[in-house]
K.L.:
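Would you mind keeping the following structure in view while I ask a few things?
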Amino acid sequence: MTETEVTRAIKGVVKAGIEVGEVRVNAVTGEVTILTKGTVHGSQGAASIDKMLGIQ
């Protein structure tokens, strides 16, 4: 995933009214995980951008 694609994903989440707390990019798979503000840090609270935007 390119920097432009990550930026676009973050902007989409913000435009949807969701406050971003943290963004994680897996360098191997390219998977982007966006954690909302107030989400407990760790894998249990993480949601992929596809799930957050209702694509999956």
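These figures come from a predicted structure and were not determined experimentally.
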K.L.:
Give, for atom CD of Glu31 and atom CZ of Arg24, the distance between the pair rounded to the nearest 0.5 Å.
P.N.:
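One gets 11.0 Å once the value is rounded to the nearest 0.5 Å.
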
K.L.:
Show your working on side-chain contact (heavy atoms from CB on, under 4.5 Å) between Val23 and Ile10 and close with a plain yes or no.
P.N.:
CA-CA 8 Å; Val23 178; Ile10 294 168; 3.7 Å; yes

K.L.:
Which heavy atom of Asn26 sits nearest a heavy atom of Thr29, and at what distance?
P.N.:
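Asn26 and Thr29 have their closest heavy atoms at OD1-N, 3.0 Å.
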
K.L.:
If I take atom CD1 from residue Ile34 and atom CD1 from residue Ile18, how far apart are they, to the nearest 0.5 angstrom?
P.N.:
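Nearest 0.5 Å value for the CD1-CD1 distance: 8.5 Å.
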
K.L.:
Heavy-atom distance under 4.5 Å between the side chains of Val25 and Val6, does that happen here?
P.N.:
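Touching, per the 4.5 Å side-chain cut-off.
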
K.L.:
Can you list every pair that meets side-chain hydrogen bond (donor to acceptor under 3.5 Å, both in side chains) and has a residue in residues 1-17, with sequence neighbours left out?
P.N.:
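Matches after skipping sequence neighbours: Thr2-Glu5.
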
